[in-house]
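See below for the structure under consideration.
Please read these numbers as outputs of a predicted model, since none were measured by experiment.
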Amino acid sequence: MGYPRDEIVFGMGYISAQTGFNGDTLAYQVSIPVNPGNSGAPLLDMNGELIGIITGRQSTSEGIAFAVKSGHLKRLLEELPKEKFNRKDLRQKNQLLGLPRVEQARKLEEFVYMVKVYN
């Protein structure tokens with residue numbers, strides 16, 4: 001889910017390796033079409049659980065992309081000093097569980113933003 005165009009685009013795929021580029025254990029390798037504008041997009045499982053964040057793609061191959069694992073991001077957030085970061089409870093109930101994929105995407109759209117960068 002991201003903005004490689006002027007409207008939100010959804011992609012489906014799968015985790016193709018439990019490690020990222022050059023065996024990076026903090027990331028997954030995913031088989032999802034990724035283009036400029038997809039970086040920072042959520043990677044969700046079929047239950048709507050956030051399992052990663054798209055970070056980029058391999059430019060020399062088609063269909064190979066990478067996502068940082070959400071478990072590592074959660075640990076990072078938990079380690080931030082409480083006085084400098086007002087965080088919400090990260091253990092909230094999944095409100096997307098049991099919803100059809102289209103409805104999951106519709107509920108998440110308001111949390112995905114287009115960021116335009118001009119050179």
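- Sequence neighbours left out, not one pair with a member in residues 33-58 passes ring pair (Phe, Tyr, Trp, His ring centres under 6.0 Å).
- To the nearest 0.5 angstrom, Leu76 atom CG is 12.5 Å from Ser70 atom OG.
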Distance-only criterion, 3.5 Å: show the donor-acceptor pairs between side-chain atoms of residues 29-42 and protein atoms not counting sequence neighbours.
residue, atom, partner, partner atom, Å
Gln29, NE2, Ser16, OG, 3.3
Ser31, OG, Ser16, OG, 3.4
Asn38, OD1, Asn35, N, 2.9

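- In the hydrophobic clustering (ILVMFWY side chains linked at under 4.5 Å, chained through shared members), Phe21 is joined by Ile64, Phe66.
- To the nearest 0.5 Å, atoms CD (Glu110) and CD1 (Ile8) are separated by 11.0 Å.
- Among residues two or more places apart in sequence or in another chain, the salt bridge (Lys or Arg N to Asp or Glu O under 4.0 Å) test is passed with Glu7 by Arg5.
- In terms of heavy atoms, Lys69 sits closest to Gln18 at NZ-O, 2.7 Å.
- Listed by first and then second residue, the ring pair (Phe, Tyr, Trp, His ring centres under 6.0 Å) pairs that reach into residues 36-63 come to none, sequence neighbours excluded.
- Separating the CG atom in Leu44 from the CZ atom in Phe10 is a distance of 10.5 Å, to the nearest 0.5 Å.
- Under the 4.5 Å side-chain heavy-atom criterion for Ile, Leu, Val, Met, Phe, Trp and Tyr, Ile51 and Leu73 are members of distinct hydrophobic clusters.
- With sequence neighbours excluded, the residues that form a side-chain contact (heavy atoms from CB on, under 4.5 Å) with Ala27 are Asp24.
- A search for side chain to side chain donor-acceptor pair (under 3.5 Å) contacts involving Gln58 returns Thr60, not counting sequence neighbours.
- The CG atom of Leu108 sits 10.5 Å away from atom CD of Gln95, with the distance rounded to the nearest 0.5 Å.
- Scored by the side-chain contact (heavy atoms from CB on, under 4.5 Å) test, Asn94 finds Asn47, Glu49, Leu96, Leu97 as partners (sequence neighbours excluded).
- Grouping Ile, Leu, Val, Met, Phe, Trp and Tyr residues whose side-chain heavy atoms lie under 4.5 Å apart, directly or via other members, leaves Leu26 alone, with no other cluster members.
- Glu103 pairs by the side-chain contact (heavy atoms from CB on, under 4.5 Å) definition with Leu99, Pro100, Arg106, Lys107, not counting sequence neighbours.
- Closest approach of Met46 and Gln104 over heavy atoms only: O-NE2, 3.3 Å.
- Ionic pairing of Glu79 and Arg75 is not present here: no N-O contact between side-chain nitrogen and carboxylate oxygen is shorter than 4.0 angstrom.
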